[in-house]
Amino acid sequence: MASLDRVKVLVLGDSGVGKSSLVHLLCQNQVLGNPSWTVGCSVDVRVHDYKEGTPEEKTYYIELWDVGGSVGSASSVKSTRAVFYNSVNGIILVHDLTNKKSSQNLYRWSSEALNRDLVPTGVLVTNGDYDREQFADNQIPLLVIGTKLDQIHETKRHEVLTRTAFLAEDFIAEEINLDCTNPRYLAAGSSNAVKLSRFFDKVIEKRYFLREGNQIPGFPDRKRFGGGTLKNLHYD
């Protein structure tokens with residue numbers, strides 16, 4: 001297993017949206033009982049079967065890098081956080097469906113990760129619209145995941161999910177909405193599981209099978225993780 005090829009997927013979003021719970025569910029297929037704040041970055045590994053059930057099926061490691069901090073952090077923290085953005089193959093943008101601000105901040109998170117050499121300003125404009133053009137040429141696959149679906153009252157769900165559908169459209173990304181405390185939202189064969197598998201397949205294709213033009217460079221060799229978890233890579 002240690003010799004499996006791998007891809008690096010960032011998990012970005014505001015503190016408290018449930019990134020750690022999501023990553024634990026994706027990698028361990030279990031609910032995280034007592035989530036804590038992530039300091040620096042926590043890395044967990046999911047084993048994924050690319051093109052499962054076809055002659056091209058092959059197993060890969062998906063390294064999920066849960067990046068801690070706030071989008072409004074001081075510039076020194078942002079610049080230190082940028083080390084985690086090197087050689088990324090995919091990005092999962094996580095927001096809390098009960099917190100509209102966390103949804104809006106995904107534009108800033110994506111801008112920070114995709115343009116790490118630039119100060120991520122000017123994403124929001126005064127009338128509340130966004131500069132969608134900055135994501136039009138992005139070649140890194142994106143997935144938008146909304147958490148805490150269970151906390152939205154039935155009478156409000158249509159309104160909230162309509163708003164978040166436009167969010168995913170802006171990123172030209174698929175969308176999954178779930179409750180991280182209930183594994184059934186990612187049950188095998190469900191629409192969410194299919195979307196997730198399709199996203200990971202796309203990340204792998206971009207990394208290993210596109211040889212021209214828009215191929216995303218792979219990240220350099222470093223110590224492999226044997227299916228476990230590397231927790232809390234701290235920065236000062």
Side-chain angles (χ1 to χ4, degrees), residues 1-13 19 22-23 25-29 41 43-67 84-94 106-107 109-116 132-146 165 167-178 185-227 230:
M1 294 292 285
S3 63
L4 292 180
D5 289 325
R6 63 209 190 279
V7 291
K8 175 180 178 180
V9 175
L10 291 178
V11 181
L12 301 178
K19 299 189 299 298
L22 173 66
V23 169
L25 182 61
L26 292 177
C27 296
Q28 310 300 331
N29 197 30
C41 182
V43 182
D44 209 342
V45 179
R46 174 187 173 98
V47 176
H48 175 71
D49 291 324
Y50 170 73
K51 290 196 173 181
E52 186 176 9
T54 73
E56 294 80 27
E57 180 175 339
K58 183 179 177 182
T59 304
Y60 290 83
Y61 278 150
I62 310 290
E63 291 184 356
L64 294 169
W65 291 55
D66 172 11
V67 180
F84 304 129
Y85 300 155
N86 291 329
S87 303
V88 171
N89 305 119
I91 299 175
I92 296 176
L93 297 167
V94 186
L106 291 186
Y107 294 92
W109 278 111
S110 59
S111 180
E112 181 180 303
L114 295 172
N115 306 287
R116 58 184 181 276
R132 296 172 175 85
E133 293 303 315
Q134 69 178 308
F135 305 109
D137 296 325
N138 170 48
Q139 296 297 329
I140 297 179
L142 303 176
L143 176 67
V144 177
I145 295 185
L167 180 75
E169 185 178 310
D170 282 349
F171 289 113
I172 317 175
E174 291 229 58
E175 178 187 37
I176 292 175
N177 297 309
L178 49 69
Y185 282 96
L186 292 174
S190 66
S191 61
N192 285 345
V194 170
K195 288 179 183 178
L196 187 67
S197 180
R198 192 158 53 206
F199 168 71
F200 289 142
D201 278 359
K202 185 184 296 184
V203 172
I204 291 166
E205 284 172 358
K206 293 266 188 184
R207 167 65 179 90
Y208 287 102
F209 298 105
L210 295 186
R211 301 300 182 189
E212 299 175 1
N214 61 352
Q215 182 183 11
I216 301 170
F219 53 108
D221 277 343
R222 55 184 179 80
K223 183 177 179 181
R224 295 177 187 272
F225 306 116
L230 175 61

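In what follows, residues are counted from 1 in the order of the sequence shown.
- A donor-acceptor pair is defined here as one N or O able to donate and one able to accept, closer than 3.5 Å; no such pair exists between the side chain of Tyr107 and the backbone of Phe171.
- Although no hydrogens or angles enter the test, the distance criterion places a donor-acceptor pair under 3.5 Å between the side chain of Lys19 and the main chain of Gly13.
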* **Evaluation steps, side chain to side chain contact (heavy atoms under 4.5 Å, CB included), between Leu196 and Leu143** => CA-CA 8 Å; Leu196 187 67; Leu143 176 67; 3.8 Å; yes
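- Residues that satisfy the side chain to side chain donor-acceptor pair (under 3.5 Å) test with Lys51, not counting sequence neighbours, are absent from this structure.
- Side-chain atoms of Arg46 come within 3.5 Å of backbone N or O of Leu26 as a donor-acceptor pair.
- The distance between the ring centers of Tyr60 and Phe200 does not fall below 6.0 angstrom.
- A heavy-atom distance below 4.5 Å is not found between the side chains of Ser110 and Leu12.
- For the pair Lys58 and Asp5, the salt-bridge criterion is met [side-chain N within less than 4.0 Å of a carboxylate O].
- Residues Trp65 and Val23 are not in side-chain contact: their nearest non-hydrogen atoms beyond the backbone lie 4.5 Å or more apart.
- Checking Phe199, Tyr208, Phe209 one by one against Tyr50, the ring pair (Phe, Tyr, Trp, His ring centres under 6.0 Å) holds for a single residue, Phe209.
- Sequence neighbours left out, the pairs with a member in residues 186-203 that pass side-chain hydrogen bond (donor to acceptor under 3.5 Å, both in side chains) are His48-Asp201, Glu174-Arg198.
- Side-chain atoms of Asn89 come within 3.5 Å of backbone atoms of Lys8 as a donor-acceptor pair (strictly under, hydrogens ignored).
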* To do: For Ile145 and Leu93, run side chain to side chain contact (heavy atoms under 4.5 Å, CB included): C-alpha distance rounded to whole Å, both residues' side-chain angles, the deciding distance at 0.1 Å, then the answer.
  => CA-CA 6 Å; Ile145 295 185; Leu93 297 167; over 6 Å; no
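- A search for side chain to side chain contact (heavy atoms under 4.5 Å, CB included) contacts involving Glu52 returns Asp49, Glu57, not counting sequence neighbours.
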